[in-house]
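Single-structure report; data block below.
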Amino acid sequence: MPPAAISPNRLPRHVAIIMDGNGRWAEARGLERNRGHLAGVDSVKEVVRCVQDLGLEYLTLYAFSSENWNRPDAEVSELMRLLEVYLEENIAEAQERGVRLRVMGRLDSLPASTRSAVDRAVDATRDNPNGDLIFALSYGGRGEIVDAARRLMLAAEAGRLDPELLDEETFAAHLYLPDVPDPDLLIRTGNECRVSNFLLWQIAYAEIYTSPVMWPDFRREHLEVAIGDYQSRERRFGMTSAQVETVSETVSEAGRGSRA
Ligand code: FPP
C-alpha cells in the first residue's frame, strides 16, 4: 500500500534512477571511494523493496555507464564484484517476490564472471510476474541509439525494412528492451542535474527529479518524496493545460467501471 503522501491513482509505471554520489559520500567520511559503492548497495536493496511494495512495474538503475570503464581499474573491479555479489545474493529474494531481473547495455564488454552472474540471474527470474528490475550495465544512451541504427541498417540491407517507412515506433522497436515503456520519472541523486547519457531516447517526456541526497543515504522516504513530487506535476506531452484536462476527462470517462 502506498503511504499517505502518495496517491495510489497516479503512480509512475516506470522509475529510472541515476545513482550518484557514492564517491563524495565516502570522501566526506575520509573513506576510499569504493566504500561509497559498498554503502550504495544497501540503497539499491531498499529502493528495490520500496518500488515493489508500491507496486511499480519497472525500475531501471544506472549501475555502470559506458564512460565508467575509464575509472581506475580498482574501482571498476570493485563495481563488478559488488554487482556479482548483489546478483548472487538477491536471486532468492527476487524469486520470492516474483521480480524479473533484466539488463541493458553492451554486455559483451563485461568480465566473464560478471557476465555469468548476470546470465544466471536473468535466466532464473525470467518468468517472474511482479515487476522488472533492470540494470543498465556498460550502458550509454548514444551507444544504444547507434546499436539500434546499426540493426536497422542491416535490416534495410537485407531487404527486411524500407528506409522510407522508418518511423519512431520502428526505431524504438530496435532499442535494447523494446517492450519496456518509457520512464515516467527519472531521479538523479547526488545533487547534480545532468542526464549523463542515460536512456536518451526513452526520457523524451520523463519528469526529472533531482535529489541533493548522496546515493548511499537515499532511502525509502526519499523515494516516496520523489514520487509525491511527480504526482504533483502536470504531464503535458507537448499539449496545452486545457487539452491535458480534456484528455484526462475523456480517459477517466472511458475508464469508469474498469481499471483503465
Ligand atoms: C555513481 O557514484 C555511482 C556509480 C558509478 C555506480 C553505482 C553503483 C552502486 C550503487 C553500487 C553497486 C551496484 C549494484 C547494482 C549492486 P560516483 O562514484 O560517480 O559518485 P561521485 O559523483 O560522488 O564521485
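The structure displayed is predicted, hence computed values, not measured ones. Because only heavy atoms are used, hydrogens play no part in the values below, and waters and symmetry mates are left out as well, while side chains stay in.
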When you measure from the side chain of [X] to the backbone N and O of [Y], does any donor-acceptor pair fall under 3.5 Å?
X      : Y      : value
Ser43  : Pro216 : yes
Asn68  : Ser65  : yes
Thr125 : Leu101 : yes

Minimal non-hydrogen separation, [X] against [Y], with atom names:
X      : Y      : answer
Arg10  : Gln231 : NH2-O, 2.5 Å
Pro178 : Ala172 : CB-O, 3.8 Å
Pro183 : Leu199 : CG-CD1, 3.8 Å

Quick one: CD1 on Ile187 to CH2 on Trp215, what's the gap to the nearest 0.5 Å?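 With rounding to 0.5 Å, CD1 (Ile187) is 8.0 Å from CH2 (Trp215).
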
Interatomic distance, Thr60 atom OG1 to Leu186 atom CG [nearest 0.5 angstrom]: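 With rounding to 0.5 Å, OG1 (Thr60) is 10.0 Å from CG (Leu186).
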
[X]: partners by side chain to side chain contact (heavy atoms under 4.5 Å, CB included), with sequence neighbours left out:
X      : answer
Ile91  : Gln95, Ala121, Ala124
Met153 : none
Val41  : Lys45, Leu82, Tyr86
Arg13  : Glu57, Tyr58, Pro181, Asp184

Please identify each residue that fulfils ring pair (Phe, Tyr, Trp, His ring centres under 6.0 Å) with [X], with sequence neighbours left out.
X      : answer
His37  : none
Tyr230 : none
Trp25  : none
Phe64  : Trp69

Just so I know, are the side chains of [X] and [Y] near enough to count as touching, which here means a heavy-atom distance under 4.5 Å?
X      : Y      : result
Glu67  : Asn197 : yes
Arg219 : Val213 : no
Arg102 : Val122 : no
Glu93  : Arg49  : yes
Leu185 : Ile227 : yes
Ile134 : Leu177 : yes

Taking salt bridge (charged side-chain N to carboxylate O under 4.0 Å, His left out) as the cut-off, I'd like each qualifying pair that reaches into residues 152-170, sequence neighbours left out, listed once.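 Every pair satisfying salt bridge (charged side-chain N to carboxylate O under 4.0 Å, His left out) with a residue in residues 152-170: there are none.
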
Count the heavy atoms belonging to other residues, nucleotides or ligands that lie under 6.0 Å from [atom1] of [X], then report whether that count exceeds 12.
X      : atom1 : result
Asp179 : CG    : yes
Glu32  : CD    : no
Arg29  : CZ    : yes
Arg35  : CZ    : no

Give a yes or no on whether a salt bridge exists between [X] and [Y], defined as a side-chain N under 4.0 angstrom from a carboxylate O.
X      : Y      : answer
Arg100 : Asp127 : no
Asp123 : Arg126 : yes
Arg194 : Glu192 : yes

Return the set of residues passing salt bridge (charged side-chain N to carboxylate O under 4.0 Å, His left out) with Glu27 (not counting sequence neighbours), or none when no residue passes.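 Counting only residues at least two positions away or on another chain, Glu27 forms a salt bridge (charged side-chain N to carboxylate O under 4.0 Å, His left out) with Arg33.
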
Sequence neighbours excluded, every pair satisfying side chain to side chain donor-acceptor pair (under 3.5 Å) that has a member inside residues 103-113: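 Qualifying pairs, neighbours excluded: Glu84-Ser113, Arg106-Asp147, Asp108-Arg115.
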
Ring pair (Phe, Tyr, Trp, His ring centres under 6.0 Å) pairs, two or more places apart, involving residues 178-200: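 Listed by first then second residue: Tyr62-Phe198.
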
Pair Asn34-Glu75, side-chain donor/acceptor within less than 3.5 Å: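 Short answer, no.
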
